[in-house]
Amino acid sequence: HARGATDELIPEVATRVALLHGAATPQELSDGVVLWCFLDRMLEHIASAPEALPDGVSLAQLQGEAARMREAFEALQLPVVNGHGDLKPSNVMSGEAIHLIDFELAGAHFRGYDLFKLFRTSQAAPSASNREAFLRSYARATPAELRGGPASIELLQAETAVFEPLSWLEAAVFFFFAIREFPEEAPRWEELAAHRGGK
C-alpha cells in the first residue's frame with residue numbers, strides 16, 4: 001500500500017504470486033476450494049457453543065451468509081488456482097528476495113480471493129494505483145495457458161474486486177471462531193468480529 005512500492009516491490013511480489021498460482025495443486029489438496037472447508041469447520045466449531053456468540057449475532061445468520069456467498073461464487077465459475085489462502089502483506093517477506101510465508105491454508109483457491117486479500121485493508125481504502133500496478137505485473141508474469149484467455153486488466157480488476165465481501169465474511173467468522181476458542185480474550189475478538197462483519 002505504500003507510495004513507491006510500485007517501483008520494485010510490487011512487480012516482484014506479483015511475479016512470486018503468479019508463480020504460485022501457476023503451480024499444480026497437489027492431489028491431496030484438490031478436493032474443492034479450501035475456503036469453503038475452512039469456513040465450514042469454523043462454523044462447526046462455533047456451533048458447538050453458540051451461546052458464546054455476542055448478542056445480536058446468531059449461528060443461523062453466519063451459516064446463512066456463508067451459504068449465500070458459496071452459492072453466489074460457485075455460480076460465477078471464477079478461476080481456481082493453487083492459492084495461498086491467507087495472502088496478506090504480513091505474509092510477504094522482502095529482503096534480498098521475496099518470500100511468501102504461512103501456507104497453513106494453501107490449496108485450491110479462487111484466484112481473485114487471493115489477489116484481493118493482498119490489498120484489503122481495514123484502515124483505509126487500498127491504493128487503486130498500486131493494485132492496478134500489481135495486477136498488470138501479475139498478468140504479465142502469468143503463463144498464457146493459465147490466463148483463461150486474453151482477459152483485459154479491467155476484467156482482472158473486476159474479478160479481484162468481487163471478492164471483497166467474501167474476504168470480510170471469512171475474517172468475521174474467524175474472529176467469532178476465536179471467541180469460541182479463546183473466551184478469555186472475547187472482548188478483543190468481539191470488536192474485531194464486529195468491525196469485519198460491518199464491512
Side-chain angles (χ1 to χ4, degrees), residues 1 13 17 20-21 25 28-74 76 78-93 99-126 131 159-199:
H1 302 286
V13 175
V17 173
L20 172 66
H21 287 176
T25 303
E28 63 272 18
L29 299 178
S30 60
D31 296 333
V33 174
V34 174
L35 180 61
W36 304 133
C37 178
F38 183 50
L39 281 170
D40 288 346
R41 291 204 177 151
M42 288 192 296
L43 289 168
E44 285 171 13
H45 195 59
I46 292 168
S48 68
E51 67 279 2
L53 288 170
D55 292 340
V57 178
S58 73
L59 177 62
Q61 284 175 315
L62 296 175
Q63 290 171 327
E65 188 62 14
R68 186 182 75 81
M69 288 277 194
R70 184 170 187 165
E71 181 180 358
F73 279 97
E74 287 184 346
L76 290 172
L78 295 168
V80 174
V81 297
N82 181 54
H84 185 282
D86 196 18
L87 192 61
K88 56 189 179 183
S90 60
N91 284 335
V92 177
M93 304 295 289
H99 297 281
L100 304 179
I101 63 169
D102 191 6
F103 284 86
E104 183 179 6
L105 300 176
H109 282 284
F110 290 112
R111 175 176 67 182
Y113 178 82
D114 243 16
L115 297 175
F116 182 81
K117 198 161 181 184
L118 187 59
F119 281 89
R120 186 189 75 192
T121 171
S122 59
Q123 302 303 320
R131 185 162 70 183
E159 177 192 330
T160 301
V162 79
F163 281 94
E164 181 171 8
L166 182 56
S167 77
W168 287 118
L169 173 67
E170 179 272 329
V173 170
F174 174 80
F175 288 118
F176 286 124
F177 165 86
I179 292 169
R180 166 69 181 93
E181 189 67 12
F182 307 104
E184 66 280 1
E185 297 182 57
R188 175 185 174 203
W189 306 131
E190 284 181 26
E191 182 180 350
L192 291 167
H195 175 267
R196 273 52 170 181
K199 291 285 188 174

Does any part of the side chain of [Y], heavy atoms only, come nearer than 4.5 Å to the side chain of [X], both counted from C-beta?
X      : Y      : value
Leu166 : Leu35  : yes
Asn91  : His84  : yes
Phe119 : Pro89  : no
Phe176 : Trp189 : no
Leu20  : Leu87  : no
Leu53  : Glu190 : no

*Given Phe163 and Leu78, is the side-chain contact (heavy atoms from CB on, under 4.5 Å) satisfied, shown in steps?*
CA-CA 11 Å; Phe163 281 94; Leu78 295 168; 3.6 Å; yes

*Ser48 versus Arg180, side-chain donor and acceptor atoms under 3.5 Å*: yes

*Check ion pair Arg111-Glu159 (N to O, under 4.0 angstrom)*: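 Salt bridge between Arg111 and Glu159, a charged N being under 4.0 Å from a carboxylate O: yes.
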
*Are Lys117 and Glu170 ion-paired here, with the side-chain N under 4.0 Å from a carboxylate O?*
yes

Do you know which two heavy atoms are closest between [X] and [Y], and how far apart they sit?
X      : Y      : value
Ala172 : Gly197 : CB-N, 3.7 Å
Ala66  : Leu169 : CA-CD2, 3.8 Å
Ala108 : Gly32  : CB-O, 3.5 Å
Ser167 : Tyr113 : CA-CE1, 3.7 Å
Asp114 : His21  : OD2-NE2, 2.8 Å
Arg120 : Trp168 : CG-CZ2, 3.4 Å

_Within a 6.0 Å radius of atom CD on Glu74, are there more than 12 heavy atoms belonging to other residues, nucleotides or ligands?_
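Result for CD/Glu74: enclosed.
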
Roughly how far apart are [X] [atom1] and [Y] [atom2], rounded to 0.5 Å?
X      : Y      : atom1 : atom2 : result
Leu115 : Thr160 : CG    : OG1   : 4.5 Å
Glu44  : Leu59  : CD    : CG    : 10.5 Å
Met42  : Phe175 : CE    : CZ    : 10.0 Å

*Going through the distances and angles, do Val162 and Phe116 end up as a side-chain contact (heavy atoms from CB on, under 4.5 Å)?*
CA-CA 8 Å; Val162 79; Phe116 182 81; over 6 Å; no

*asked:* For Arg68, give me all partners under side chain to side chain donor-acceptor pair (under 3.5 Å), at least two apart in sequence or on another chain.
replied: Glu65

*side-chain contact (heavy atoms from CB on, under 4.5 Å) between Phe182 and Arg188, intermediate numbers included*: CA-CA 10 Å; Phe182 307 104; Arg188 175 185 174 203; over 6 Å; no

*Under the side-chain contact (heavy atoms from CB on, under 4.5 Å) criterion, do Ile46 and Ile179 qualify, and how do the steps go?*
CA-CA 9 Å; Ile46 292 168; Ile179 292 169; over 6 Å; no

